[in-house]
Amino acid sequence: MLYKRSSQLFAEAEKVIPGGVNSPVRAFKAVGGTPIFVKSAKGAYLYDEDGNRLIDYINSWGPMILGHAYEPVVHAVIEKAKLGTSFGMPTELETQIAALAVAMVPNVDKIRFVNSGTEACMSAVRLARGFTKRDKIIKFAGCYHGHSDSFLIQAGSGAITFGSPNSPGVTAGTAKDTLLAKYNDLENVATLIEANKNEIAAIIVEPVAGNMGCIPPNKGFLEGLRQLCTDNGILLIFDEVMTGFRLARGGVQELFNITADIVCFGKVIGGGLPVGAFAAREEIMNYLAPLGPVYQAGTLSGNPLAMAAGLAMLQALDNDRAIFQRLEEKTAYLAAGIDKVLKANNVTFTINSIGSMISVHFDAAPVVDFQTAANGDNETFKKFFHGLLQEGIYIAPSAYETWFITDALTYEDLDFTIRAIDKVSKTF
Ligand SMILES: *Cc1c(COP(=O)(O)O)cnc(C)c1O
């Protein structure tokens, strides 16, 4: 397949946009070559500026769980746009999506909508600090919670790919309040808590990690975090920006039956429009302005187009109780197929997967945290990535990313993908 026009468009973009992209993960820096410019997308497929059709395993990095241009979402946005695109005043639609989200997610009474996952996590931490009157937070190496200052400490995929896990521009003062722990290592967390008694406001975690490949929590890890938080007056923040409305109707809290104190959302909740949200029990949420002292605001928060898209998406997921099972079956089918052909071709690999998330790592050891994720062979990944691109399959241009299975993918698409992986891995 040729990607000539994309290369030309990228050269034009580079003149006026830093690196030619508006988010670094879109660049092909980790794999070489130039990014593909999309013209349109429908269902499981992307159509690029060169006229190629690609099977999409990124799906806008998560939101498009039902496939691209999902009809009820598109319809809702078009109809709302005719009535005005932003008011900065309350609309009934905001209450409708809030009520549905709160009904779907366990252990939360109220939700506040923002414009991105970054904003959701940033606001959740401010709320936790205000509520507990403590300053420090614990985050895990390789977990990504958006690009706000407190989180750019060993921050997962994008930051790792570009070699700046601890970004310049974050002050030492901010960085010192973020304590770094190892994912899946409870003892490490307990030690940090002990060394910072009564100073930690929150532990923020991707309850299933998705930004260093897909790394499910070890048995007992989330339960242990819950207990440590409860015992020490710390709020447990589940960053479900990737997993929310994806791994189960009620997210990871429902999947593993664990109660978080604050839950962050993004991606799926916006149906492909810019939306984030954070939710908690009433006592915590009432600490937010205008009821409480913790300030948080947004000119475009609760934007009618975004809320219409999000509501149509959540309604579709709420009405289709078999969807998460269906996605899991497709993922398992793909994982088994990849496993078979890579073994047959004597490739060294590990596959991690859960629900509709899957990642292939070119290393034999189990991938359980940032360190083990970083052991993967990037040269093999580059060949894998470009080989699949030639076959018309688009995975993320970084070895640290999760692939997302959508409802639009057919078993023919999955079989095609497995055959392509067989072909490509013969050339390693
Ligand atoms: C994508 C992501 C974010 C950031 O969301 P943006 O909308 O890109 O700001 C935060 N946390 C997790 C777990 C994510 O996957």
Side-chain angles (χ1 to χ4, degrees), residues 24-25 29-31 61-62 117-118 121 125 136-167 170 175-193 200 202-222 224-225 228 236-243 252 264 348-354 357-382 395-403:
V25 287
K29 243 180 127 177
V31 290
W61 307 86
T118 293
C121 296
V125 162
K136 293 182 181 173
I137 59 167
I138 292 178
K139 87 170 276 288
F140 294 89
C143 281
Y144 181 64
H145 306 294
H147 66 92
S148 91
D149 287 2
S150 305
F151 301 127
L152 286 183
I153 322 280
Q154 299 245 333
S157 53
I160 300 167
T161 305
F162 299 104
S164 49
N166 311 300
S167 176
V170 176
K176 81 169 174 24
D177 285 330
T178 300
L179 308 175
L180 199 62
K182 266 179 81 175
Y183 199 76
N184 273 327
D185 187 342
L186 273 179
E187 225 168 281
N188 184 217
V189 178
T191 307
L192 282 176
I193 293 173
I200 297 170
I203 295 177
I204 185 164
V205 65
E206 287 182 64
V208 167
N211 285 289
M212 43 183 170
C214 165
I215 303 187
N218 284 347
K219 207 168 158 43
F221 178 59
L222 297 176
L225 290 182
L228 284 169
L236 180 60
I237 303 176
F238 270 12
D239 176 356
E240 296 223 44
V241 170
M242 188 181 285
T243 55
V252 177
C264 304
T348 301
F349 71 98
T350 300
I351 298 174
N352 281 4
S353 79
I354 180 169
M357 294 163 63
I358 175 170
S359 57
V360 180
H361 305 260
F362 294 107
D363 191 67
V367 175
V368 296
D369 58 11
F370 172 60
Q371 196 54 52
T372 45
N375 288 341
D377 178 3
N378 204 50
E379 290 310 308
T380 304
F381 180 80
K382 283 186 197 173
I395 62 168
S398 159
Y400 290 102
E401 303 291 353
T402 297
W403 314 7

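A distance of 11.0 Å separates CE in M212 from CD in Q371, rounded to the nearest 0.5 Å. C121 contributes atom SG, which lies 5.5 Å from atom CZ of F151 (distance to the nearest 0.5 angstrom). One distance of note links CG of L192 with CD1 of I138; it measures 5.0 Å at 0.5 Å rounding. Considering CD1 of I204 and OG1 of T178, their distance stands at 10.0 Å, rounded to 0.5 Å. Here D363 contributes atom CG and T372 contributes atom OG1; the two are 8.5 Å apart, rounded to the nearest 0.5 Å. Considering CD1 of I200 and CG of D177, their distance stands at 10.5 Å, rounded to 0.5 Å.
Between C214 and I358, every side-chain heavy-atom pair lies at or beyond the 4.5 Å cut-off. I215 has its side chain within reach of V367: a pair of non-hydrogen atoms, C-beta onward, lies under 4.5 Å apart. Side-chain atoms of V241 and Y144, non-hydrogen and from C-beta on, never get closer than 4.5 Å to each other. The closest side-chain heavy-atom distance from K139 to V205 is not below 4.5 Å. The side-chain heavy atoms of L225 and L236, taken from C-beta on, include a pair separated by under 4.5 Å. Within the 4.5 Å cutoff, no side-chain heavy atoms of I137 are placed close to those of I203. Side chains of C143 and Y183 form a contact here, defined as non-hydrogen atoms less than 4.5 Å apart. Two residues are said to be in side-chain contact when any heavy atoms from C-beta on lie closer than 4.5 Å; I395 and F381 meet this criterion.
Take T380 and apply the side chain to side chain contact (heavy atoms under 4.5 Å, CB included) test, not counting sequence neighbours, and it matches F362, D377, F428. D369 is linked by a salt bridge (charged side-chain N to carboxylate O under 4.0 Å, His left out) to K182, counting only residues two or more places apart in sequence or in another chain. Judged as a side chain to side chain contact (heavy atoms under 4.5 Å, CB included), and not counting sequence neighbours, the contacts of A374 are Y400.
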- prompt: Does the pair S359 and I351 meet the rule for a side chain to side chain contact (heavy atoms under 4.5 Å, CB included), with working shown?
  reply: CA-CA 6 Å; S359 57; I351 298 174; over 6 Å; no
message: Please determine whether side chain to side chain contact (heavy atoms under 4.5 Å, CB included) holds for the pair L180 and F140, giving the CA-CA distance in whole Å, both sets of side-chain angles, and the decisive distance to 0.1 Å.
response: CA-CA 5 Å; L180 199 62; F140 294 89; over 6 Å; no
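The two residues S353 and P216 make their nearest non-hydrogen contact at O-CG, 4.3 Å. Taking each heavy atom of M357 and M242 in turn, the nearest pair found is CE-SD, 3.6 Å. Among all heavy-atom pairs drawn from P207 and L222, the shortest one is O-CD1, 3.6 Å. For the residue pair F238 and V252, the shortest heavy atom distance occurs at CE2-CG1, 4.3 Å. Across V25 and P397, no two heavy atoms sit closer than the pair O-CG, 3.6 Å. Between A181 and V189, the closest heavy-atom pair is CB-CG2, 4.0 Å.
Using modelled atom types, one side-chain atom of T402 and one backbone atom of G210 make a donor-acceptor pair closer than 3.5 Å. With hydrogens and angles disregarded, a donor-acceptor distance shorter than 3.5 Å links the side chain of D185 to the backbone of N188. Looking only at distances, no side-chain donor or acceptor of T118 sits under 3.5 Å from a matching main-chain atom of G146. The closest donor-acceptor contact from the side chain of E206 to the backbone of E240 lies at 3.5 Å or more, if one exists at all.
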